[in-house]
**Q** 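Could you have a look at this structure, given as structure tokens, before my questions?
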Amino acid sequence: MLRLHDTATGEVRPLGPNGAAEIGIYVCGPTVYGRPHIGHGRATLVYDVLRRYLEWSGGNVRHVSNVTDIDDKIIRLAADEHRPWQDVARRYEDSWWSAMDRMGVARPHVAPRATDYIGRMVDLVAELVASGAAYESGDGVYLSASAVPGYGLLAHQSIESLRAGARVELNEEKRAPIDFALWKKAKPGEPKWPSPWGGGRPGWHTECVVMSLELLGDGFALHGGGEDLRFPHHENERAQAVALGRPFARHWVHHGMVLFGEEKMSKSVGNVVDLAEMLDSHDPRAYRLVVLQAHYREQVKVDESRLAEAARTLQGLDALARRLAEAEPQAATAEPSCEVTHDFRAFMDDDLGSPRAVARLFDAVKQANTALDGRQVKEGVSLGRAALAGFEALGLVATGTVEVSEQAKDLARRRDAARAERDFALADTLRDEIVALGYRVEDTAAGTRVLR
RNA sequence: GGCGGCGUGGCCGAGUGGUUCAGGCAAGGGCCUGCAAAGCCCUCUACCCCAGUUCGAUUCUGGGCGCCGCCUCCA
């Protein structure tokens, strides 16, 4: 059973009931005001791995991830471009799903848009106002943080120290600097939805409360997001649920940030790497491997050499897949090695120890190759199948086959003929021609093999 | 100022109070190969500094130095 670190308690503890019970996972999704970068990529990969692993372990997962399609940045961009905010939001939502598909990220079971839930958000804010926890002011409705028992749980700070450290500019409309907006009254020209406090739009933190409770139910299993969302976003989500008296996430998961070079990737530093561009220049699986080789709670350093290195590593995995495809007819009954699977599971169950789990699988890859080298086919296939199955459980699929053009196939056939006649000069020339087409060449017992 | 994390071999990155070793990539040598490639074998370079606890610390404690993150509607 999976044990996971919980930000609320600081402990690694069981995620909750496995098996038939539904495991509700809510992951904070994108605000669609720009193209996704590799930081978004890591975030989705981390939770994709979590989800896949739970499902592989027999869990019945319901994965919900929101799309924030209205916010200040979207409004500003729409104004700059003189087009409706909906166009901006939809354009970047499309680029989001496109990039996620390319990374092999499983789509969430439900991906609600914030603007589809505004009526429910208004209801929730009204309830908070009625309870006395929230108050209306000149520019919106705010939640009073001091009205929430245990405010600061996720920040691991007392309300006093949060108050002392608040860097938020003084806002006359708030009673306390740490209070946060539930509803923002529309300024002239801004998009607005009706509410008891006039036209406006919801504050960011409210949508996740409404959608997670609505789609997963009270006391859902897990709420995840980046370390940077721990405070204030998640703290403020939780505050609303607590103020309403509704059981919220039972488990809080936060993953580390992506560093490009030595510091956090951010627009102000100018080191943002566009996700789609990165996927253009590397095997799309390479980034997943990079992410898996670092523990999800640690920061991960990414750069070109790291991605290229991972891509090379994957070639070795693909090579094994090809060997297995050839050897399997002779070892149809070979079961995946239980030892490998057992170790893999043990590492993953311990707070998603993917670096160790992956290392164990690579160990099995080597063992499999060694066995196959030694003609212990059944042993090799057993080890290899377990390794590839483990990688697949993490969303990393090794490919034993490659699309090869007719031209290259023809050259390969001619090269085999030349080699059969021991005309190696011609064979080498033909090999160069195949390589010039962008392929790699390997000789096997079955003849020339052409690879990407 | 408050809170948290990290400093490991050429690079990335796990882990542990001691005995054989993370793993990946790179480098050197070898096996295999017509030559390569792939694969395998061997080799190499470690645990930031200073104290302390201990028979023994990279691993625990304290201090120091350095780096990173959060406290801003940044994943």
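Predicted, not measured: the structure shown is a model, and the values here were computed from it. Because only heavy atoms are used, hydrogens play no part in the values below, and waters and symmetry mates are left out as well, while side chains stay in. Here is the naming used below: chain letters follow the sequence lines, and residue numbers restart at 1 for every chain.
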**Q** Is a donor-acceptor pair below 3.5 Å formed from side chain A:D443 to base B:C32, judging by atom type as modelled?
**A** no
**Q** Which nucleotide, in any strand shown, forms a Watson-Crick or G-U wobble pair with B:A51, with both distances under 3.5 Å?
**A**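 Base-paired to B:U61.
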**Q** Does B:C74 have OP1 or OP2 sitting under 4.0 Å from an N or O in the side chain of A:K73?
**A**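 For B:C74, OP1 or OP2 has a side-chain N or O of A:K73 closer than 4.0 Å.
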**Q** Return the nucleotide paired to B:A75: Watson-Crick means purine N1 to pyrimidine N3 with N6-O4 or O6-N4, wobble means G-U with N1-O2 and O6-N3, both under 3.5 Å.
**A** none
**Q** Could you verify whether a donor N or O on one side chain and an acceptor N or O on the other, from A:R51 and A:H63, lie under 3.5 Å apart?
**A**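 A:R51 vs A:H63: donor-acceptor pair found between side chains.
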**Q** Which nucleotide sits closest to the side chain of A:R312: B:A38, B:C74, B:C25?
**A**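 Looking only at side-chain atoms, A:R312 lies closest to B:C25.
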**Q** Report the residue from A:H254, A:H234, A:R230 that forms a side chain to side chain donor-acceptor pair (under 3.5 Å) with A:T7.
**A**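 In the set A:H254, A:H234, A:R230, the residue that makes a side chain to side chain donor-acceptor pair (under 3.5 Å) with A:T7 is A:H254.
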**Q** Any base atoms under 4.0 Å from A:R415, or only sugar-phosphate, or nothing? Heavy atoms, all strands.
**A**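 A:R415: base contact, heavy atoms under 4.0 Å.
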**Q** Under a plain distance cut-off of 3.5 Å, with no hydrogens placed, do A:E207 and A:T68 share a side-chain donor-acceptor pair?
**A** yes
**Q** Distance check, P atoms only: B:G30 and B:A36, in whole angstrom units.
**A**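 After rounding to an integer number of Å, I get 11 Å for this pair.
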**Q** Just to verify, which of A:R3, A:R345, A:R356 counts as forming a side chain to side chain donor-acceptor pair (under 3.5 Å) with A:D350?
**A**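 Output: one option passes, namely A:R356.
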**Q** Does the structure show A:F362 stacking with B:G23, if we require the centres to be closer than 5.5 Å and the planes to be within less than 30 degrees of parallel?
**A** no
**Q** Pick the P atom in B:U58 and in B:C65, then give their distance to the nearest Å.
**A**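 It works out to 22 Å between them.
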**Q** Measure the distance from NE2 on A:H295 to P on B:U16 and round it to the nearest whole Å.
**A** 12 Å
**Q** So if I take every side-chain heavy atom of A:L229 and compare against B:A75, B:G23, B:C6, which nucleotide ends up nearest?
**A**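 Shortest atom-to-atom distance from the side chain points to B:A75.
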**Q** Write down the partner of B:G23 under the Watson-Crick or G-U wobble criteria, each distance required to be under 3.5 Å.
**A**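 Its partner is B:C12 (Watson-Crick or G-U wobble, both distances under 3.5 Å).
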**Q** Respond yes when some side-chain nitrogen or oxygen of A:R297 is under 4.0 Å from OP1 or OP2 of B:G4, and no when none is.
**A**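 Looking at the OP1 and OP2 atoms of B:G4, neither is under 4.0 Å from any side-chain N or O of A:R297.
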**Q** When all nucleic acid strands are considered with a 4.0 Å heavy-atom cut-off, which category describes A:A308: base, sugar-phosphate, or nothing?
**A** nothing
**Q** Anything under 30° is parallel, anything over 60° is perpendicular, the rest tilted; go ahead and classify A:W204 against A:H233.
**A** parallel
**Q** Rounded to whole Å, please give me the gap between CG in A:L275 and P in B:C74.
**A** 19 Å
**Q** With a 3.5 Å cut-off and just heavy-atom distances, do the side chain of A:R360 and the base of B:G24 make a donor-acceptor pair?
**A** no
**Q** Can you identify which nucleotide, out of B:C12, B:C41, B:A37, has its nearest atom closest to the A:K366 side chain?
**A** B:C41
**Q** Tell me if a side-chain donor or acceptor on A:K185 pairs with a main-chain N or O of A:S137 at a distance below 3.5 Å.
**A**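 Indeed, once roles are kept as given, a pair shorter than 3.5 Å links the two residues.
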**Q** Start at the 5' end of RNA chain B and walk down; is the nucleotide closest to A:N369 or to A:W204 reached first?
**A** A:N369
**Q** With a 3.5 angstrom cut-off on both distances, give the Watson-Crick or G-U wobble partner of B:G39, or none if there isn't one.
**A**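 Checking every strand shown, B:G39 finds its partner in B:C31, with both distances under 3.5 Å.
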**Q** With respect to the side chain of A:D228, which nucleotide from B:G2, B:A75, B:G34 is positioned closest?
**A**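 Within the option list, the nearest is B:A75.
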**Q** Quick one: which of B:G69, B:C71, B:A75 gets closest to the side chain of A:E227?
**A** B:G69
**Q** Regarding B:G13, can its base be found pairing with the side chain of A:Q293 as donor and acceptor, where the two atoms are less than 3.5 Å apart?
**A**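 In this structure, the two groups form no donor-acceptor pair.
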**Q** Suppose you measure atom C1' in B:C12 against the same atom in B:A27; what distance do you get, rounded to whole Å?
**A**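 To the nearest whole Å, 15 Å.
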**Q** To the nearest angstrom, how far is A:I38 atom CD1 from B:A75 atom C1'?
**A** 11 Å
**Q** For A:H251 together with A:H5, are the ring centres under 6.0 Å from each other?
**A** no
**Q** For A:Y33 and A:D72, does a side-chain donor sit closer than 3.5 Å to a side-chain acceptor?
**A**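 Distance-only check fails for A:Y33 and A:D72.
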**Q** Does B:C70 have a Watson-Crick or wobble mate here (both distances under 3.5 Å), and if so which one?
**A** B:G2
**Q** Taking only side-chain N and O atoms of A:K301, does any of them lie within less than 4.0 angstrom of OP1 or OP2 on B:C6?
**A**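 So the side-chain polar atoms of A:K301 never come under 4.0 Å of the phosphate oxygens OP1 or OP2 of B:C6.
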**Q** Tell me which nucleotide among B:G15, B:C6, B:A75 gets nearest to the side chain of A:R356.
**A**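 Within the option list, the nearest is B:G15.
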**Q** Look at the side chain of A:A427 and decide which nucleotide, out of B:G34, B:C70, B:G23, has an atom nearest to it.
**A** B:G34
**Q** Please work out if A:Q315 contacts a base, only the sugar-phosphate, or nothing of the nucleic acid, heavy-atom cut-off 4.0 Å.
**A**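 No contact.
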**Q** Looking at the side chain of A:T313, which of B:A75, B:A37, B:G24 is the nearest nucleotide?
**A**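 The closest nucleotide is B:G24.
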**Q** Output the rounded distance in Å from NE2 (A:H234) to C1' (B:C74).
**A** 13 Å
**Q** Where the side chain of A:Q299 is defined as all heavy atoms beyond and including C-beta, which of B:G23, B:C70, B:C68 is the nearest nucleotide?
**A** B:C68
**Q** Pick the nucleotide of RNA chain B nearest each of A:R306 and A:E442; which residue has the one closer to the 5' end?
**A**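 The residue mapped nearer the 5' terminus is A:R306.
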**Q** Quick one: does A:R419 reach the base of B:G34 with a side-chain donor-acceptor pair under 3.5 Å?
**A** yes
**Q** For B:A75 versus B:C71, give the span between their P atoms, rounded off to a whole number of Å.
**A**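 Here B:A75 and B:C71 have their P atoms 12 Å from each other.
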**Q** Round to the nearest Å and state the distance from A:L292 atom CG to B:G24 atom P.
**A**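 Interatomic distance, CG of A:L292 to P of B:G24: 15 Å.
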**Q** Does a distance-only test, which skips hydrogens and angles, find a donor-acceptor pair under 3.5 Å between the side chain of A:D428 and the base of B:G34?
**A** yes
**Q** When the P atoms of B:C3 and B:G23 are considered, how many whole Å apart are they?
**A**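 It works out to 40 Å between them.
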**Q** How long is the line joining CZ of A:R42 and P of B:C74, in whole Å?
**A**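 Going from A:R42 (CZ) to B:C74 (P), I get 19 Å.
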**Q** Do A:R431 and B:C35 share a donor-acceptor pair, side chain to base, under 3.5 Å?
**A** yes
**Q** Taking the side chain of A:V258 as its heavy atoms from C-beta onward, which of B:C3, B:A75, B:G13 lies nearest to it?
**A** B:A75
**Q** Atom CZ of A:R440 to atom P of B:C35: distance rounded to whole Å?
**A**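 From A:R440 CZ to B:C35 P: 20 Å.
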**Q** Expressed in angstrom and rounded to an integer, what is the separation of A:K174 atom NZ from B:U72 atom C1'?
**A**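 To the nearest whole Å, that distance equals 10 Å.
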**Q** For A:C208, is there any backbone N or O sitting under 3.5 Å from a side-chain donor or acceptor partner on A:N66?
**A** no
